[in-house]
Amino acid sequence: MAPIGGKDAHRSDLVFLLQNDQSQPPLKTPQHVDRMKRNSGDPYWSRLETRVWTVTLLMGTCLLYCARASMPICAVSMSGYFGWDKRQSGIALGSFFWGYCVTQVAGGHLSDKVGGEKVILLSALSWGFITAVTPLAAHVTKDPLLLVSLLRFLMGLFQGVHFPALASLFSQRVRDNERAFTCSAVGCGSQLGTLLIGGVGSVLLEWYGWESVFYFAGFLTLSWGYCLSTYLLKERERIITFEDLGKGFSRSTQTSVSWKRLFRRAAVWAVIIAQLSVASTSFTLFSWVPTFFKERFPDAKGWVFNVVPWLVAIPSAIVSGLLSDYLIAQGYKTIWVRKLMQVCGMGLSSLFILCLAHTNSYCQAIAFASVAVGLQTFNHSGITVNVQDLAPSCAGFLFGKYICF
C-alpha cells in the first residue's frame, strides 16, 4: 500500500528508509475494492466493515478515556477521603503517564507484526479489570496511595498500546482516501469518553461515592471487550500466543532502519516535536481541568465543566476529518492539508489555553476551555494520520516511537 501523497517531496526519503515494500496494488475505487475483496483476499476493509469497525473502535476509545478519566474526576474526593495533599494527589494522577510511555514502541511494533485488533482486545480487558478493582484494592490496603499509584501505572502500561495499535490497524486495513475521517471519528471517542464520564461520573460521584465511577468504567470496558471478541474477531484473532510474541519481536528487514540517518530528517523532528507538544498539552488539560475549575470556581457544578468542553470537541473532530478528506479530494496536496490541520490543532488551541489561565470569569473559562479542547481534535487529521502516510507498513512502531518523545 503506497503512502498518501507519494509525490510530496518531504515524504519520499522517509518512505525509502522505512519501507521497501512496493508490491501492493495501486489505489482503486471503493466499488472496485469491495468487488475484488471477496475474491482476492484484499487486506482493506470493505466500506461496511470500515463503518462497523469505526463505530466499534470509537466506543473502545470512548471507554478507554472513561477509565483514564476516572481518577481525575475522583481526585478531589479521594484526596479528602484518604487525606492526600496536592503532592500525593499529583503522584496518583501522574503515575499513569509513567506507565503510558513505556509500552508505546513495543505495542506498536507488536501490532504491526501480529495485528492491531489482537493487541487492542488484550489491553482493553486488562485495563478494564484494573479499573474495576481499583476501589476494592484501595480499601483493603494500609497504604492506598502506593497501591492506587501502582494500579494507575499498570493501567498506563496497558493503555499505552491502544493508539499505536490503532495506527497500525488503520494503515493496513483502511483505504488511504478514508483514513483521515476514520482516524478523526475514532479519535473523537476520547472526547466522547471524557464527556460520558464527566456527566455520568459526576452524578455517580455525588450520589454513590467515588467507588461507583471506577465500577462503571471498568465493567463497561469488560463488556465491550466481550462483544468485540464474540462478534467481530475470529477465534484465532482473540489471543496473542507465544508464537505471536516471537514473531512480533524477531528481527525484520521492515524495521531494520538506519535510525541515525532517519533522525537527520527535518520531517521526523517536526513530527516528534509536534507530538511532544500535542501530548503534553492534551494530558495537562485532561488531568487538571477538573481541579482548575474546582479551585478557581468552588461553587461550579462538576457536570458543567466536565461535560461542555468535551461536548464541543465531538462535532469538531468529525468536521476536521471530513474537511481534511474533502480538501485532498479537491486536489490540495496532502502535506498542505496535514499542516493546516496541525496549525489549527496546536497554534489556535494554545491561544485559548493561555486565555483560560488568565481569566477570572466562569463563563469565559468554560468558553476558552471548550474552544481549546475542540481545536485539539484537529490533530487527529494532522499528525496522527500523517504517521500512517509516511510508513503504512510499520505505522504502529513509528507512532509509538513518536509518542515516547
Side-chain angles (χ1 to χ4, degrees), residues 1-16 18-19 22 24-34 37 42-51 53-54 57-58 163 166-188 266-268 270-271 274-275 278 313-349 374-396 398-399 402:
M1 180 171 60
I4 305 176
K7 295 181 181 179
D8 294 337
H10 91 294
R11 246 184 252 154
S12 58
D13 289 338
L14 281 172
V15 173
F16 176 78
L18 295 172
Q19 81 177 59
Q22 301 295 331
Q24 294 294 338
L27 185 66
K28 302 178 177 62
T29 64
Q31 293 80 7
H32 183 72
V33 170
D34 286 341
K37 181 179 174 66
D42 181 22
Y44 292 145
W45 286 327
S46 68
R47 283 177 295 174
L48 177 60
E49 287 175 319
T50 300
R51 291 168 188 163
W53 274 97
T54 298
L57 294 173
L58 185 153
F163 286 103
L166 285 179
S168 176
L169 188 61
F170 292 157
S171 69
Q172 297 174 20
R173 296 299 188 93
V174 180
R175 289 184 292 271
D176 297 348
N177 61 338
E178 297 178 345
R179 198 172 290 155
F181 173 75
T182 303
C183 286
S184 296
V186 172
C188 80
V268 173
V271 174
Q275 180 60 51
V278 168
I314 295 174
S316 176
I318 300 298
V319 168
S320 70
L322 291 173
L323 178 62
S324 179
D325 285 343
Y326 173 78
L327 291 175
I328 293 173
Q330 293 301 306
Y332 290 93
K333 288 185 177 181
T334 302
I335 181 58
W336 184 88
V337 176
R338 300 294 186 241
K339 287 180 177 179
L340 175 64
M341 297 296 108
Q342 203 60 38
V343 167
C344 294
M346 292 176 58
L348 294 181
S349 66
L375 287 172
Q376 286 266 311
T377 64
F378 278 67
N379 293 313
H380 297 314
S381 299
I383 186 176
T384 301
V385 71
N386 187 234
V387 174
Q388 300 167 42
D389 297 341
L390 294 174
S393 62
C394 55
L398 190 59
F399 188 84
Y402 287 154

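Nothing here was measured: the structure is a model prediction, and the numbers come from that model.
- Side-chain contact check for N379 versus Q342: some heavy-atom pair is nearer than 4.5 Å.
- Here the shortest heavy-atom pairing between C344 and F378 reads CB-CD2, 3.8 Å.
- Within the 3.5 Å criterion, the main-chain N or O of W45 finds a donor-acceptor partner in the side chain of R175.
- The two residues M346 and V278 come nearest to each other via the heavy atoms CG-CG2, 3.7 Å.
- A heavy-atom distance below 4.5 Å is found between the side chains of F170 and L57.
- When all heavy atoms of I318 and A185 are compared, the pair lying nearest together is CD1-CA, 4.0 Å.
- Across all their heavy atoms, E49 and Y44 have their closest contact at OE1-O, 4.5 Å.
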> Between T377 and S184, does a side chain to side chain contact (heavy atoms under 4.5 Å, CB included) hold up when you go through it step by step?
Replying inline: CA-CA 8 Å; T377 64; S184 296; over 6 Å; no

If you look only at distance, which donor and acceptor atoms sit under 3.5 Å apart when one is on a side chain in residues 324-331 and the other is two or more places apart or in another chain?
{"unit_1": "S324", "atom_1": "OG", "unit_2": "R338", "atom_2": "NH1", "d": "3.1"}
{"unit_1": "D325", "atom_1": "OD2", "unit_2": "F181", "atom_2": "N", "d": "3.0"}

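- Annotation for Q376 and S349: closest pair NE2-OG, 3.3 Å, computed over non-hydrogen atoms.
- Once rounded to the nearest 0.5 Å, the distance linking OH of Y332 with CG of L340 reads 10.0 Å.
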